[in-house]
Amino acid sequence: MEKKTNRVAIQTGSTNNEEVIDFDKQVEKKDDFKAYLKKLNANEVKLGGEVINTELIKGNAVMKDGVPVMDNLGNQRFYKDKYQVTIAYKGGEATFPIDEKLFDTLLPNENYLFVGRVGEVSTFGNVHTGIKIQSAFQL
């Protein structure tokens, strides 16, 4: 398929010679600029680093007034397990919460590119702004 171009003919001087100007480059620049602005405003964080440690934090028993809470089948209820990864990167190391699926795929002492976003992170009832890692790609 042939690419259409926006062309404007401008008459120059007192002769009938026409100069053709191609505005496609300006349009491409404008689209590139919009894409650049969109990327700047995207809530995306990338961090390359080595997995130092992965940790499973078992959920505690749900208690009410010091008495264990039971479900409909008579089984004791527990809070959800938490998963986290400690990453070493140039200049430091940090620990981030991750989901179970990602926890099962990460290998210690391997390098990954982690992709996530800034958002509210809940740590045992305390909500704060942090980085939620959503995926990791082994390098």
- Give the cluster check for L107 versus L139: same hydrophobic cluster or not, with ILVMFWY residues linked at side-chain heavy-atom distances below 4.5 Å. no
Residues pairing under ring pair (Phe, Tyr, Trp, His ring centres under 6.0 Å) where one sits in residues 59-87, two or more places apart or in two chains, turn out to be Y83-F103
So the side-chain hydrogen bond (donor to acceptor under 3.5 Å, both in side chains) pairs with at least one residue in residues 102-113 (sequence neighbours excluded) are E110-Q138
_Is it the case that the side chain of D65 and the backbone of V67 share a donor-acceptor pair, with hydrogens and angles ignored and the cut-off at 3.5 Å?_
no
Taken in chain and number order and not counting sequence neighbours, the residues that satisfy side-chain contact (heavy atoms from CB on, under 4.5 Å) with V127 are E120, S122
Note: with side-chain heavy atoms under 4.5 Å as the link, the other cluster members for M70 come out as none
Please list, one pair per line, the donor and acceptor atoms closer than 3.5 Å that link side chains of residues 44-54 to other protein atoms, with sequence neighbours excluded.
none

Between side-chain atoms of residues 86-102 and protein atoms elsewhere (two or more places apart, or another chain), which donor-acceptor pairs fall under 3.5 Å?
| from | atom 1 | to | atom 2 | distance (Å) |
| --- | --- | --- | --- | --- |
| T86 | OG1 | T95 | OG1 | 3.0 |
| D99 | OD1 | K101 | N | 3.4 |
| D99 | OD1 | L102 | N | 2.8 |

V115 with L106, same ILVMFWY side-chain cluster at under 4.5 Å: no
